[in-house]
Protein chains: 2
Amino acid sequence: MGRDDGRRPPATLQDVAREAGVSLATASRSLNGSARKVREDYRARVLAAAERLNYAPNLQAQAVARGRTSLVGIIVSDITDPYFAQIAGGVIAAAEAGGLVATIGVSGRDPEREVQLVAALRGQRPTGIVLVGSRVADAAVTARLEAQLRDFENEGGHAVLVSQAGLPFDTIAFDNEDGARALARRLGAAGYANAVVLAGPEPLSTSRERTEGFLDGYASTGHPRDAVAVVHSRFTRDGGYEAMGAVLESGPRPDVVFAVNDVMAVGAMARLRAAGLEPGRDVAVAGFDDIETLRDVSPGLTTVRLPLEQGGATAVDLILKRASEPCLVSLPGEIVIRASTPGPAAEEA
Amino acid sequence: MGRDDGRRPPATLQDVAREAGVSLATASRSLNGSARKVREDYRARVLAAAERLNYAPNLQAQAVARGRTSLVGIIVSDITDPYFAQIAGGVIAAAEAGGLVATIGVSGRDPEREVQLVAALRGQRPTGIVLVGSRVADAAVTARLEAQLRDFENEGGHAVLVSQAGLPFDTIAFDNEDGARALARRLGAAGYANAVVLAGPEPLSTSRERTEGFLDGYASTGHPRDAVAVVHSRFTRDGGYEAMGAVLESGPRPDVVFAVNDVMAVGAMARLRAAGLEPGRDVAVAGFDDIETLRDVSPGLTTVRLPLEQGGATAVDLILKRASEPCLVSLPGEIVIRASTPGPAAEEA
DNA sequence: GTGAAAGCGCTAACAG
DNA sequence: CTGTTAGCGCTTTCAC
């Protein structure tokens, strides 16, 4: 007998009011937490009627009437990448806790697409938009993105950037430079004398900051800064794999490799193995992020732990309590030494 | 000078119409693809005016007026778990391709919460809801979930279940049993004679099917079915870790361990190492799913590859072309032998 | 072809 | 405290 196919349209507030024998307004006031009070027995009747009719408020209609929604939009490059997944998880959890529904868009690391997504999300008139990921676009696209976000804020929305500093909006930044610097010092002090950096795309600020921090810290332990090769590649597992390959094929073998994120580090490890080298024994490897899913790779990956979920949650907090001036929240990382870089006292197996 | 704080409300269709010197109706017809035609010069004027005013249609209002939205809701247990992330990625990508905006809820594996989320999403009046993950709830909660979904469909919505068969809605199921059976045959034929299954929670159908399939296939290679120990635990990394621990502490060491998903398998490997055993050498390990992020663990994990993203995408397809009868799409897996189970010819390093 | 006007479901003044 | 009513922004008959 198939399905009902759109029969019996959802009960409306009108229906509930009629069923309960009260006015529209009273029904409305009983069902949502209005400021005004409703006599207890009326309230009860309305609630009962709603229950009976299986009433669910039409949030779209509420939004139109109220002039604001309970939506928060998230835009990430790739939800499949655990870095973004963890941040998105933080955003979603905080949003739900705050009574908001999260809407999500995936840009596939395409800056153009990112602009389109902001425009599309804007149409939903969300309370806020959280944009995650660091800029790789040329100035023109960035300007258009900024324009979109500015329009959004002018309309009363609230934009928050995560891990993407430099634009005039609220921003949650992870302290990439300090984290990388601390890591490099530790490694340099432990005697690694021939480091190589596997970086992401040249213009990606996250990658740049981590690279800079590393070079800086490494230099501070007495290793000439320009003796460290920096190889650029994509910010993905395959990027790490290829960059590692390039390093192995050109020049002497390094004693330690710093990949600017864990995903790339894992790719680099795979490449080392493909070359018959054992990561952690023949070449030390370090990453960045301390991705949860990757905590069990073997040998354990030395890295810098970032409070990813917290970053996402904080973004939602900023949306809820909109400050009058754009603010910048900086979240520090914490270095974690594991077996992939023997030498410095390991803090974890 | 702070921010504008909600100044200049977004341009409305009204504004555009006035600016272009046409009626509301004409503006509406020009800006969305209406069936009716509009004289070309009018059209152009409206488009120009819209551009000038930076007009973006209020989708909520459109939804109210049209009686339907361009939203699709997704509910997953945990977006941080790569299994769900990949399926969600498929859903989001397909939704965007189909002009829909995805809304997402995370249940934290709490069946109660799942019901709440369906109710909450229903309020958005989405075109469809995709529910991912297999049932672990008792009959009462399941009944309430089913009621919510049924109401949703009666209102004209379309519910699709992914990897969660048995409810009377469109369903995308992965062929857990066949996959596990094929894997077990291969392993059994390769000479593994002392297998152990690390299963998820008893009532989880995904776990049950994989366990059943494995036992069945393993038995078909001549190993008595009830000689295989099945240890139940959580469906997570830590669950795998603990289950492996339980196995090691009680009874003889198995020669192969089948964890019902990759994440658990990785946990099991970690536990083996903690016990001084090398996975793949001292004890073979196999998983299920072939999670992308985990393809580089070492030794490479033998597993059953599932078309996760495709499953998500297919769910959206079903939503867009609503069939009159609930249908069941079954997606097969493909076994992948790697170094964690030496013996059978490896198909990949 | 175009425009006026009546909703869509809900909220929020505003009177009682 | 309750009910009436005028919107919210947009679509869609329905006349012209």
Side-chain angles (χ1 to χ4, degrees), chain A residues 6 8-47 49-50 53-71 122-127 155-157, chain B residues 6 8-46 49-50 53-71 122-126 155-157:
Chain A
R8 185 158 42 117
T12 85
L13 189 58
Q14 211 41 279
D15 300 333
V16 176
R18 189 181 314 117
E19 172 89 7
V22 300
S23 78
L24 235 192
T26 300
S28 172
R29 295 199 266 255
S30 311
L31 287 172
N32 66 39
S34 156
R36 321 207 21 178
K37 267 192 180 159
V38 173
R39 224 173 62 200
E40 200 34 64
D41 56 327
Y42 274 25
R43 226 183 104 73
R45 282 215 333 250
V46 172
L47 262 42
L53 297 181
N54 199 344
Y55 169 77
N58 182 327
L59 299 185
Q60 318 268 346
Q62 281 190 179
V64 175
R66 289 186 177 145
R68 65 202 154 69
T69 65
S70 51
L71 253 39
R122 265 224 291 159
Q124 302 281 356
R125 302 283 188 273
T127 301
E155 291 165 5
Chain B
R8 185 158 44 115
T12 84
L13 189 58
Q14 214 36 282
D15 300 332
V16 175
R18 191 181 312 116
E19 172 88 6
V22 301
S23 78
L24 236 191
T26 302
S28 171
R29 296 198 265 254
S30 311
L31 287 172
N32 66 40
S34 156
R36 320 209 20 179
K37 266 193 183 161
V38 173
R39 225 173 61 200
E40 200 34 62
D41 54 328
Y42 275 26
R43 228 184 104 74
R45 275 197 1 229
V46 173
L53 297 181
N54 199 344
Y55 169 77
N58 182 325
L59 299 184
Q60 318 266 347
Q62 280 190 180
V64 176
R66 289 186 177 143
R68 63 200 156 71
T69 66
S70 51
L71 255 37
R122 265 224 290 158
Q124 302 281 357
R125 301 284 188 272
E155 292 165 5

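Each chain gets a letter, A, B and so on, in the order the sequences are listed, and its residues count up from 1.
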K.L.:
Ignoring hydrogens and angles, state whether a donor on the side chain of Arg122(A) or Asn58(B) is under 3.5 Å from an acceptor on the partner side chain.
P.N.:
no

K.L.:
Whole Å only: how far is the CG atom of Asn58(A) from the C1' atom of dG7(C)?
P.N.:
14 Å

K.L.:
If I take atom CD in residue Gln124(B) and atom P in nucleotide dC10(C), what distance separates them, rounded to the nearest angstrom?
P.N.:
13 Å

K.L.:
Would you indicate which nucleotide in dC8(D), dC8(C), dG3(C) comes nearest to any side-chain atom of Ala65(B)?
P.N.:
dC8(C)

K.L.:
Is it the case that the side chain of Glu155(A) and the backbone of Pro9(B) share a donor-acceptor pair, with hydrogens and angles ignored and the cut-off at 3.5 Å?
P.N.:
no

K.L.:
Using whole Å, report how far CZ of Arg66(A) lies from C1' of dA13(C).
P.N.:
15 Å

K.L.:
Figure out the CG/P separation between Leu59(A) and dC8(C), and round it to whole Å.
P.N.:
19 Å

K.L.:
Measure from CG on Asn32(A) to C1' on dT11(C) and round the result to the nearest Å.
P.N.:
8 Å

K.L.:
What nucleic acid atoms does Thr12(A) come within less than 4.0 Å of, heavy atoms only: base, sugar-phosphate, or nothing?
P.N.:
sugar-phosphate

K.L.:
Would you mind reading off the distance between Leu24(A) atom CG and dA12(C) atom P, rounded to a whole angstrom?
P.N.:
13 Å

K.L.:
By nearest nucleotide on DNA chain C, pick out whichever of Gly21(B) and Val64(B) is the more 5' one.
P.N.:
Gly21(B)

K.L.:
For the residue pair Thr69(B) and Pro126(B), what are the closest heavy atoms and their distance?
P.N.:
OG1-CA, 3.3 Å

K.L.:
Roughly how many Å is it from CG in Asp41(A) to C1' in dT2(D), rounded to a whole number?
P.N.:
12 Å

K.L.:
Using modelled atom types and a 3.5 Å cut-off, is there a donor and acceptor pairing between side-chain atoms of Asn54(B) and backbone atoms of Ala50(B)?
P.N.:
no

K.L.:
Nearest to the side chain of Lys37(B), which nucleotide is it out of dG1(C), dC10(D), dG3(C)?
P.N.:
dG1(C)

K.L.:
Would you kindly compare Arg125(B) and Arg39(B) by the position of their nearest DNA chain C nucleotide and give the one closer to the 5′ end?
P.N.:
Arg39(B)

K.L.:
If I take atom OH in residue Tyr42(B) and atom C1' in nucleotide dG1(C), what distance separates them, rounded to the nearest angstrom?
P.N.:
9 Å

K.L.:
Please check: side-chain N/O of Arg43(A) versus main-chain N/O of Ser30(A), any donor-acceptor pairing under 3.5 Å?
P.N.:
yes

K.L.:
Can you tell me if Thr26(B) uses its side chain to pair, donor with acceptor, with the backbone of Val22(B) under 3.5 Å?
P.N.:
no

K.L.:
Closest approach of Leu31(B) and Tyr55(B), non-hydrogen atoms and distance?
P.N.:
CD1-CE2, 3.6 Å

K.L.:
Mind grabbing the angle between the end helix axes of the helix from dG1(C)-dC16(D) to dG16(C)-dC1(D)? Five pairs an end, 10° rounding.
P.N.:
40°

K.L.:
Do Arg29(B) and dG1(C) share a donor-acceptor pair, side chain to base, under 3.5 Å?
P.N.:
no

K.L.:
When you get a sec, tell me which of dC8(D), dC10(D), dC1(D) is the closest nucleotide to the side chain of Ala61(B)?
P.N.:
dC10(D)

K.L.:
Using only side-chain N and O atoms of Gln62(A), determine if any of them is under 4.0 Å from OP1 or OP2 of dT11(C).
P.N.:
yes

K.L.:
Report yes if a side-chain nitrogen or oxygen of Ser23(A) is closer than 4.0 Å to either non-bridging phosphate oxygen (OP1 or OP2) of dT4(D); otherwise report no.
P.N.:
no

K.L.:
Under 4.0 Å between a side-chain nitrogen and a carboxylate oxygen: does that hold for Glu19(A) and Arg45(A)?
P.N.:
no

K.L.:
Go through dG9(D), dG3(D), dT11(C) for me and flag the one nearest to the Thr26(A) side chain.
P.N.:
dG3(D)

